[in-house]
Amino acid sequence: MENTLGLEIIEVVEQAAIASAKWMGKGEKNTADQVAVEAMRERMNKIYMRGRIVIGEGERDDAPMLYIGEEVGICTSPNAKDFCNPDELVEIDIAVDPCEGTNLVAYGQPGSMAVLAISEKGGLFAAPDFYMKKLAAPPAAKGKVDINKSATENLKILSECLDRSIDELVVVVMKRERHNDLIKEIREAGARVQLISDGDVGAAISCGFAGTNIHALMGIGAAPEGVISAAAMRAMGGHFQGQLIYDPAVVKTGLIGESKEANIERLQSMNITDPDKVYDAHELASGQNVLFAACGITSGNLMQGVRFFHGGARTQSLVISSQSKTARFVDTIHMVEQPKTLQLH
């Protein structure tokens with residue numbers, strides 16, 4: 001899968017990032033998202049594959065492109081048999097977030113990315129559009145920290161695993177009212193808190209790399225992005241756990257269904273019989289092979305954002321593969337317009 005799709009999925013996230021970056025700082029988050037979706041879908045449909053979106057931009061009626069259940073790739077087109085044998089290709093599931101951190105792009109803030117994860121059919125958890133309590137930590141703490149433990153307990157474990165004092169640890173938390181008590185506890189335990197307004201996928205992945213000065217992600221964010229984060233952390237051996245949050249009173253936003261009871265019914269209709277189950281990275285991204293790709297839209301801890309120059313753009317991307325056990329940073333120059341004449345000096 002990596003050999004046949006690796007370079008092409010890099011180009012998918014690159015094209016989405018470039019399209020979105022053109023709207024950086026213009027205050028138009030919906031447009032920044034829409035153009036990223038369109039660019040991602042267009043490039044994806046040129047790939048020789050049979051893909052299905054399991055996490056995307058909503059159901060068919062809510063989003064015209066990259067909706068959940070949409071088939072993508074050349075070999076899903078109506079006339080596919082004219083130029084390929086679809087039956088010979090492995091079916092793959094794809095989770096996408098063409099513009100992770102739309103507000104970050106709209107207001108020119110750091111950390112937005114175009115991201116996707118792929119695996120064999122059935123290899124990615126089809127998370128409902130709910131919220132998820134998350135815990136991400138470096139590989140050294142994998143299986144030792146636990147989402148069921150308090151923040152204070154996990155910070156002590158992290159301190160031991162990383163051979164750092166607690167006051168040297170940095171925990172990323174989304175700035176939300178629901179996290180006030182969590183933030184207070186982390187600070188009282190002696191660790192430092194880095195608050196972000198959006199975009200917790202990048203924060204989760206940063207935990208997996210030394211040198212980012214991010215040692216944990218804690219708190220509640222969107223469930224679909226949790227699956228994408230889990231795919232990356234699974235591929236790189238980091239720690240990730242997620243637990244679905246279905247009670248609007250916990251989320252404190254009013255954007256998660258009509259009621260706790262209705263949400264439980266919805267989970268049951270999706271064959272999720274234990275709504276309180278804690279999932280680890282291998283359960284959220286269970287495929288034999290998992291591939292993650294991201295491209296910076298605005299600069300963040302891991303990647304530079306898109307930088308435009310006359311006639312082109314420069315991007316930085318990241319590809320993580322469970323198959324080859326690699327994390328590759330890819331620096332690309334996109335030459336859109338060639339100069340009419342070369343000046344010799």
Side-chain angles (χ1 to χ4, degrees), residues 1-23 32-57 63-68 70-77 84 89-102 105 112-120 123-124 201-202 205 224-225 227-229 231-232 235 285 287 289-297 302-306 312-323 326-336:
M1 187 169 69
E2 179 186 2
N3 293 338
T4 57
L5 296 178
L7 179 59
E8 293 198 277
I9 69 162
I10 294 173
E11 292 183 357
V12 170
V13 291
E14 286 174 346
Q15 292 305 310
I18 291 170
S20 187
K22 291 176 180 177
W23 289 87
D33 186 42
Q34 180 185 346
V35 296
V37 172
E38 292 171 355
M40 182 173 276
R41 184 177 189 266
E42 181 181 354
R43 182 62 185 89
M44 212 175 271
N45 277 326
K46 295 177 181 176
I47 300 177
Y48 189 82
M49 69 175 182
R50 295 173 66 193
R52 179 176 66 109
I53 303 296
V54 294
I55 290 176
E57 295 288 299
M65 296 184 177
L66 293 178
Y67 55 82
I68 296 168
E70 179 176 358
E71 293 186 335
V72 292
I74 289 177
C75 295
T76 63
S77 61
C84 68
L89 296 175
V90 175
E91 292 183 81
I92 61 171
D93 283 354
I94 309 171
V96 301
D97 193 346
C99 183
E100 152 76 345
T102 54
V105 179
S112 61
M113 306 182 297
V115 299
L116 64 78
I118 67 175
S119 186
E120 302 90 353
L124 296 173
V201 174
I205 300 166
E225 283 78 359
V227 175
I228 296 174
S229 299
N289 297 306
V290 176
L291 203 56
F292 168 90
C295 182
I297 301 174
L302 287 174
M303 294 170 289
Q304 289 282 332
V306 178
R314 186 171 184 172
T315 59
Q316 190 171 34
S317 306
L318 167 64
V319 184
I320 308 173
S321 169
S322 68
Q323 189 174 356
T326 55
R328 291 187 175 95
F329 287 91
V330 181
D331 200 357
T332 307
I333 302 291
H334 305 261
M335 292 168 283
V336 180

Short side-chain to backbone donor-acceptor contact, Q316 and Q304, under 3.5 Å: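 Yes, because the side chain of Q316 sits within donor-acceptor range (under 3.5 Å) of the backbone of Q304.
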Flag, side chain of E120 to backbone of N289, donor-acceptor distance under 3.5 Å: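 Side chain of E120 to backbone of N289, a donor-acceptor pair under 3.5 Å: yes, one is there.
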Criterion side chain to side chain donor-acceptor pair (under 3.5 Å) on E38 and Q34, from CA distance to verdict: CA-CA 6 Å; E38 292 171 355; Q34 180 185 346; 3.1 Å; yes
For the [atom1] atom of [X] and the [atom2] atom of [Y], what is their distance to the nearest 0.5 Å?
X: R50; Y: C75; atom1: CZ; atom2: SG; answer: 8.0 Å
X: S112; Y: D97; atom1: OG; atom2: CG; answer: 10.5 Å
X: D331; Y: T315; atom1: CG; atom2: OG1; answer: 7.0 Å
X: Y67; Y: I53; atom1: OH; atom2: CD1; answer: 9.5 Å
X: T76; Y: E91; atom1: OG1; atom2: CD; answer: 10.5 Å
X: S119; Y: I92; atom1: OG; atom2: CD1; answer: 9.0 Å

Looking at every non-hydrogen atom in both residues, tell me the closest pair between [X] and [Y] and how far apart they are.
X: V54; Y: I68; value: O-CG2, 3.8 Å
X: V105; Y: C99; value: CG2-SG, 3.7 Å
X: S20; Y: A32; value: OG-O, 3.1 Å
X: A95; Y: L124; value: N-CD1, 3.8 Å
X: G73; Y: N45; value: N-OD1, 3.0 Å
X: H334; Y: Q15; value: ND1-NE2, 4.1 Å

Test: E70 and R41 ion pair at under 4.0 Å: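 Looking at R41 together with E70, the answer is yes, because their closest N to O distance falls below 4.0 Å.
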How about [X] and [Y]: do any of their side-chain heavy atoms sit closer than 4.5 Å?
X: L291; Y: Q323; result: no
X: L66; Y: V72; result: yes
X: L116; Y: M44; result: yes
X: I118; Y: M49; result: no
X: I205; Y: L318; result: yes
X: I228; Y: E100; result: no

Check against side chain to side chain contact (heavy atoms under 4.5 Å, CB included), T332 and E14: CA-CA 9 Å; T332 307; E14 286 174 346; 2.8 Å; yes
